[in-house]
Amino acid sequence: MATTNVKAYGAAAPDADLKQIDIVRREVTAKDIEIDILYCGVCHSDLHTARNDWGGTVYPAVPGHEIVGKVTKVGNEVTKLKVGDYAAVGCLVDSCRTCSSCRQDLEQFCLGGMVGTYNGKDKHLGTQTFGGYSEKVIVNEHFVLKVPANLDLAATAPLLCAGITTWSPLRHWKVGKGSKVAVVGLGGLGHMAIKLAHALGAEVTLFSRTPGKEKDALELGADAVVISTDENQIKAVAGKFDLIIDTVPSVHDINPYVGTLTINGTLVLVGYLGGLEPILNTVPLILGRKSVAGSLIGGIAETQEMLDFCGEHNIVSEIEIIKIQDINEAYERMLKSDVHYRFVIDMASLKN
Ligand code: NAP
Ligand code: ZN
């Protein structure tokens with residue numbers, strides 16, 4: 001298959017800094033779109049993957065799944081976009097398209113295995129997939145999204161992961177006017193959860209460990225802030241929430257949050273992957289028909305729905321633009337929760 005060399009930024013090992021490397025990408029095939037990457041958001045999952053926090057990272061690893069760019073080439077069967085259009089790519093670049101999940105527009109749960117934008121298994125080249133910290137990307141048109149014309153391009157990039165990951169549970173659990181939603185953690189996902197839940201008409205509360213984020217949370221659309229380390233503040237919201245979206249990236253005690261769910265309420269974990277500690281107490285679940293659930297990004301149709309909603313409501317991410325050369329420092333700041341509220345890489349810096 002015809003391939004081309006592309007400049008990228010990647011990690012060679014779990015403890016290695018990211019630096020400039022060359023990667024191989026396929027040339028466009030009939031249904032492919034080639035995108036010159038303008039901006040790429042920095043998700044905590046990028047850091048987890050670069051440092052092999054979840055195991056299974058294949059090196060070199062090129063992260064990045066919040067991609068916005070311009071179409072530079074299309075295959076001869078492409079109908080979705082044309083050369084010169086703006087385009088976006090999120091966390092998925094392939095799936096079987098025929099299983100029951102794919103047929104329900106739930107490509108993220110493809111029974112044949114969805115292909116992640118990075119560290120996935122590239123069905124064309126047989127290598128790992130390489131993400132958006134690169135000059136360009138070639139993706140089947142089904143997995144390419146349209147960008148609403150009125151939105152700032154750089155600030156749109158984080159919608160492709162942080163946006164859809166929080167939109168999907170808000171929609172699945174039918175959040176709307178009158179819903180009471182809480183968000184745990186004010187980072188990339190958390191700040192999008194607040195904006196989207198607020199725009200859907202919900203009353204929104206932020207649980208944060210970090211005093212000092214209250215003013216920002218209220219400006220983002222939260223109605224209240226609860227400092228999660230203060231037992232009295234948690235007790236004051238007992239039995240209140242219909243839905244809690246928990247974005248915390250590491251192991252933590254979810255029992256106090258379960259106590260703040262209403263009867264039939266759901267706590268959905270989108271951040272931490274793995275065993276919970278301390279153990280989850282089932283008593284409040286059983287006595288209140290409460291649920292603890294998980295959710296993974298969202299399907300392609302749902303991602304387009306979220307982008308269109310953001311276009312209509314003028315919603316984008318709060319961003320700090322960085323150069324690709326600053327990515328290692330950005331990861332260190334992310335580990336200290338010092339992000340307001342998403343880093344976005346100006347990919348022109350890779351061309352310098
Ligand atoms: P982020 O920007 O680093 O934000 C995480 C926030 O969680 C922090 O700002 C902090 O908020 C809070 N936090 C951090 N460490 C904590 C700890 N030890 N205990 C309690 N709270 C803590 O990260 P992100 O990009 O939003 O990603 C969050 C997680 O979601 C990551 O694990 C990422 O891999 C995962 N993710 C999942 C999906 C999915 O499909 N399910 C998609 C994308 C990302 P406060 O300072 O306010 O407490
Ligand atoms: Zn992500």
Side-chain angles (χ1 to χ4, degrees), residues 40-54 57 63-67 89-92 106-109 114 116-120 131-133 157-170 172 182-195 205-217 220 222 225-230 233 244-254 256-257 268-274 276-277 293-299 302-303 306 317-320 330-344:
C40 186
V42 179
C43 178
H44 208 113
S45 303
D46 299 358
L47 187 162
H48 285 312
T49 300
R51 301 193 176 176
N52 200 25
D53 289 347
W54 296 325
T57 300
H65 57 202
E66 295 183 337
I67 299 170
V89 176
C91 308
L92 283 168
L106 297 170
E107 299 93 339
Q108 74 274 35
F109 304 125
M114 63 93 158
T117 303
Y118 54 78
N119 205 46
Y133 299 1
L159 302 180
L160 276 301
C161 175
I164 183 59
T165 302
T166 50
W167 176 256
S168 188
L170 290 169
H172 182 76
V183 174
V184 188
L186 187 57
L189 268 55
H191 93 290
M192 286 314 308
I194 292 176
K195 285 192 178 209
T205 299
L206 170 72
F207 284 111
S208 175
R209 314 162 294 174
T210 314
K213 289 187 177 176
E214 292 90 340
K215 185 169 168 283
D216 286 357
L220 290 164
V225 178
V226 170
I227 297 299
S228 52
T229 47
D230 181 338
Q233 289 195 34
I244 302 176
I245 300 183
D246 183 333
T247 75
V248 173
S250 42
V251 66
H252 60 292
D253 187 4
I254 68 165
Y257 301 118
V268 57
L269 292 155
V270 293
Y272 172 66
L273 274 177
L276 286 170
E277 282 170 39
S295 187
L296 177 68
I297 49 173
E302 195 174 45
T303 305
M306 175 274 311
S317 181
E318 302 302 309
I319 60 166
E320 179 176 339
Y331 280 5
E332 290 312 313
R333 283 185 53 194
M334 184 144 66
L335 284 173
K336 291 187 212 134
S337 298
D338 176 23
V339 189
H340 309 281
Y341 281 88
R342 199 61 144 184
F343 291 119
V344 172

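Please read all numbers here as calculations on a predicted model, not as lab measurements. One-based numbering, in listed order, for ligands and for the atoms of each.
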What about Arg342: any of its N or O atoms under 3.5 Å from an N or O on ligand 1? yes
Can you list the atoms of ligand 1 that are under 4.0 Å from a heavy atom of Cys43? 43 (C), 44 (C)
For the pair Glu66 (side chain) and Ala162 (backbone), establish whether a donor and an acceptor sit closer than 3.5 Å, ignoring hydrogens and angles. yes
Indicate yes or no for a side-chain donor-acceptor contact from Asn52 to the backbone of Trp54 under 3.5 Å, with no hydrogens or angles considered. no
Would Val270 count as being in polar contact with ligand 1, using the rule that some N or O on each side must be under 3.5 angstrom apart? yes
Tell me, which protein residue and heavy-atom name are nearest atom 4 (O) of ligand 1, and how many Å apart are they? Gly187 CA, 3.3 Å
Give me the nearest non-hydrogen protein atom to atom 32 (O) of ligand 1 as residue plus atom name, then the distance to 0.1 Å. His48 NE2, 2.9 Å
Checking side-chain contact (heavy atoms from CB on, under 4.5 Å) against His44, which of Pro249, Ser250, Cys161 comes through? Pro249
With atoms numbered from 1 as shown, which atoms in ligand 1 lie under 4.0 angstrom from a non-hydrogen atom of Ser337? 8 (C), 9 (O), 10 (C), 14 (C)
Out of curiosity, is Met334 lining ligand 1, as in a heavy atom under 4.0 Å away? yes
Thr303 side, atom OG1; Gln108 side, atom CD - distance, nearest 0.5 Å: 7.5 Å
Considering only non-hydrogen protein atoms, determine which one is nearest to atom 46 (O) of ligand 1 and report residue, atom name and distance to 0.1 Å. Thr210 OG1, 2.4 Å
Is there a polar contact, in the sense of an N or O pair closer than 3.5 Å, between Phe207 and ligand 1? no
Counting heavy atoms only, which of His44, Arg209, Lys213 comes nearest to atom 15 (N) of ligand 1? Arg209
Determine whether any heavy atom of Gln108 lies closer than 4.0 Å to an atom of ligand 1. no
Shortest non-hydrogen contact between Gly132 and Ile67, atoms and distance: CA-CD1, 3.5 Å
One finds that the ligand 1 atoms under 4.0 Å from a non-hydrogen atom of Gly271 are 29 (C), 30 (O), 32 (O), 35 (C)
When you measure from the side chain of Asp230 to the backbone N and O of Ile227, does any donor-acceptor pair fall under 3.5 Å? no
Between Leu189 and ligand 1, is there a nitrogen or oxygen pair with a distance under 3.5 Å? yes
Out of Leu186, Asp216, Val251, who is nearest to atom 11 (O) of ligand 1 when you count heavy atoms only? Leu186
Is it the side chain (CB and beyond), the backbone, both or neither of Trp54 that lies under 4.0 Å from ligand 1, heavy atoms counted? side chain
Just by distance, do the side chain of Thr57 and the backbone of Thr49 share a donor-acceptor pair under 3.5 Å? yes
Check whether the side chains of Tyr272 and Asp246 place a donor and an acceptor atom closer than 3.5 Å, and report yes or no. no
Please answer whether the main-chain N or O of Ala182 pairs with a side-chain N or O of Thr205 as donor and acceptor at a distance below 3.5 Å. no
Atom 42 (C) of ligand 1: closest protein heavy atom, distance to 0.1 Å, is Thr165 OG1, 3.2 Å
Give a yes/no on ligand 1: does Leu296 have at least one heavy atom closer than 4.0 angstrom to it? yes
For Gly298, is there any backbone N or O sitting under 3.5 Å from a side-chain donor or acceptor partner on Ser168? no
Where is the nearest protein heavy atom to atom 43 (C) of ligand 1: which residue, which atom, and how far? Cys161 SG, 3.2 Å
Arg51/Glu332 ion pair, N-O < 4.0 Å: yes
Do any N/O atoms on Gly188 end up under 3.5 angstrom from N/O atoms on ligand 1? yes
Among the N/O/S atoms of His65, select the one at the shortest distance from the Zn ion (ligand 2) and name it. NE2
Among all protein non-hydrogen atoms, which one is nearest to atom 29 (C) of ligand 1, and what is the separation to 0.1 Å? Thr247 O, 3.4 Å
Main-chain N/O of His65 paired to Tyr133 side chain as donor or acceptor, under 3.5 Å: no
For atom 33 (C) of ligand 1, grab the closest protein heavy atom and report residue, atom and distance to one decimal in Å. Ser45 OG, 3.3 Å
Which segment of Ser295 sits under 4.0 Å of ligand 1 when only heavy atoms are counted: backbone
Backbone of Leu186 reached by a side-chain donor or acceptor of Lys213 within 3.5 Å: yes
Please check if the side chain of Ser228 supplies one atom and the backbone of Ser208 the other of a donor-acceptor pair under 3.5 Å. yes
Assess Cys161: does it contribute an N, O or S atom lying under 2.8 Å from the Zn ion (ligand 2)? yes
Check whether any side-chain N or O of His340 sits under 3.5 Å from a backbone N or O of Asp338 as a donor-acceptor pair, and report yes or no. no
Give me the nearest non-hydrogen protein atom to atom 18 (N) of ligand 1 as residue plus atom name, then the distance to 0.1 Å. Ser250 OG, 3.0 Å
